[in-house]
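Atoms within each ligand, like the ligands themselves, are counted from 1 in listed order. Heavy atoms only: backbone and side chains are in, while hydrogens, waters and symmetry mates are out. Here the structure is a predicted model, which is why all the values come from computation and not from measurement.
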Amino acid sequence: MLLLDGKIAAASVKEDLKKLTATIAASGKPAPHLAAILIGNNGASETYVASKVKSCEECGFKSTLIRFEETVDEAELLAAIQTLNNNQDIDGILVQLPLPKHIKEQKVIEAIDPSKDVDGFHPSSIGKLVQGLPTFIPATPYGILLMLEHFNIQTKGKHAVVIGRSNIVGRPMSILLSSNIAQGNCTVTICHSHTHNLKEICLQADIIVAALGKPEFVLPEMVKEGAVVIDVGITRVTDPTAAKGFRIKGDVHFSSVAPKCSAITPVPGGVGLMTIAGLLKNTMQAYQNNRG
Ligand code: NAD
């Protein structure tokens with residue numbers, strides 16, 4: 001069984017980006033610049049944004065973190081995004097989700113200039129992805145493609161089962177795996193909360209991407225011998241014995257599923273790290289498109 005270690009694959013992506021930023025710096029040009037907006041003080045969101053900012057530093061990118069109180073007015077947030085859209089010094093903009101209930105997520109996503117949409121959530125980015133045009137691939141599916149590429153996992157002609165149909169993970173992942181790209185050309189089945197016979201469908205999969213947000217949902221009896229399993233899930237499960245009072249669980253019961261797999265991602269240390277790698281690659285792409 002091959003462990004698809006996100007630390008290794010992400011380090012390789014970051015190394016390449018570091019070389020690029022060094023070349024940019026040597027030519028006297030400004031560094032790529034990511035602006036991240038964080039609203040409120042959700043513990044998981046704080047952690048994600050801190051990792052993104054730290055990774056920017058590691059790669060020689062500039063980053064700006066803009067924080068708002070949980071009670072921020074939607075209009076104020078949209079105005080801040082507009083200011084970033086107009087700022088020539090900013091290449092990429094991300095708004096950390098989830099948002100407080102009084103703010104319309106779709107409105108915020110659509111406020112970001114598509115040329116700076118490094119999370120790849122804008123309808124224009126998704127539309128291009130569907131048509132196979134160059135665009136920003138949503139960071140998590142992009143990270144998974146980079147992971148598959150790094151470990152040379154063959155996808156052509158394979159049956160991939162994606163569990164989950166969210167706009168940010170499951171749906172774009174299913175489109176990418178079915179696309180005519182290096183890490184695509186799969187026959188794809190996309191499953192969701194209304195799918196019947198999920199176990200039987202999963203048993204037919206050469207590749208399973210679990211993105212449903214239900215800790216340890218995928219069990220060995222759902223997995224074919226030799227399958228590749230990509231675990232996207234990240235759930236904080238309360239555990240008084242853990243130092244922080246919780247443990248991070250994936251959507252796959254790792255210890256029992258891993259022995260059946262030809263390759264599997266761990267949680268933590270798998271797809272989460274690749275999501276940041278995907279975001280950084282998109283930020284570099286935005287920089288090259290806009291002022292490279
Ligand atoms: P979501 O809640 O938006 O979507 C979950 C999807 O799973 C839905 O489409 C739903 O239909 C499906 N689903 C729910 N229960 C199901 C069931 N019993 N059987 C089949 N399908 C079912 O979630 P999301 O934003 O796509 O995130 C999914 C998971 O991935 C979460 O744990 C989230 O924290 C994690 N996540 C991780 C990363 C990362 O970088 N690793 C990034 C984004 C999300």
Go through the side-chain N and O atoms of [X] and [Y] and say whether any donor and acceptor fall under 3.5 Å apart.
X    : Y    : answer
S63  : K52  : no
Q285 : N289 : yes
N180 : N185 : yes
S256 : H253 : yes
E200 : Q204 : no
S125 : D117 : yes

Residue, atom name and distance, where the atom is the protein heavy atom closest to [atom]:
atom                    : value
atom 31 (C) of ligand 1 : G213 CA, 3.5 Å
atom 4 (O) of ligand 1  : S166 CB, 3.8 Å
atom 44 (C) of ligand 1 : V169 CG2, 3.9 Å
atom 15 (N) of ligand 1 : K214 NZ, 3.5 Å
atom 34 (O) of ligand 1 : I234 O, 3.0 Å

- Compute the minimum heavy-atom distance from Y48 to ligand 1 and say whether it is under 4.0 Å. no
- Task: Work out whether the distance between some heavy atom of G272 and some atom of ligand 1 is less than 4.0 Å.
- Result: yes
[X] heavy atoms, cut-off 4.0 Å: which ligand 1 atoms fall inside?
X    : answer
I168 : 25 (O)
V271 : 41 (N)
A211 : 5 (C), 6 (C), 7 (O), 28 (C)
G164 : 6 (C), 7 (O), 9 (O), 12 (C)

Option nearest [atom] (shortest heavy-atom distance, choices [options]):
atom                    : options                : value
atom 42 (C) of ligand 1 : L198, T265, T140, D231 : T140
atom 8 (C) of ligand 1  : H192, M173, K249, R165 : R165
atom 38 (C) of ligand 1 : L279, I163, V232       : V232

- Item | Side chains of K116 and L84 in contact at under 4.5 Å (non-hydrogen atoms) |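 No, too far: nothing below the 4.5 Å cut-off.
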- Going by heavy atoms in the side chains, are V223 and C202 under 4.5 Å from each other?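 Of all side-chain heavy-atom pairs linking C202 with V223, none is under 4.5 Å.
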- Query: Applying a 4.0 Å heavy-atom criterion (strictly less than), which segment of L212 is in contact with ligand 1: side chain, backbone, both, or neither?
  - Reply: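 Within the 4.0 Å criterion, L212 contacts ligand 1 through backbone and side-chain atoms alike.
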- Query: Where does M274 meet ligand 1, judged by heavy-atom distances below 4.0 Å: at the side chain, the backbone, both, or neither?
  - Reply: neither
- Query: So among K158, K224, H159, which one has a side chain to side chain donor-acceptor pair (under 3.5 Å) with D206?
  - Reply: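 Among K158, K224, H159, the one meeting side chain to side chain donor-acceptor pair (under 3.5 Å) with D206 is K224.
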- Message: What I want to know is whether S193 and ligand 1 share at least one N or O pair that is separated by under 3.5 angstrom.
- Response: yes
- Under 3.5 Å: N/O of T275 near N/O of ligand 1: yes
- Under-4.0 Å protein heavy-atom contact, atom 2 (O) of ligand 1: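 So atom 2 (O) of ligand 1 lacks protein heavy-atom neighbours under 4.0 Å.
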- atom 27 (O) of ligand 1 within contact range, any protein heavy atom under 4.0 Å: no
- Scanning both residues in full, the closest heavy-atom pair of C261 with V229 reads SG-CG2, 3.6 Å
- Message: I'd like to know if the side chain of Y287 and the backbone of G92 have a donor-acceptor N/O pair within less than 3.5 Å.
- Response: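 No, the answer is negative, given that no donor and acceptor are paired below the 3.5 Å cut-off.
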- Query: Can any side-chain N or O of T265 pair as donor or acceptor with the backbone N or O of G270 at less than 3.5 Å?
  - Reply: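 Side chain of T265 to backbone of G270, a donor-acceptor pair under 3.5 Å: no, none is there.
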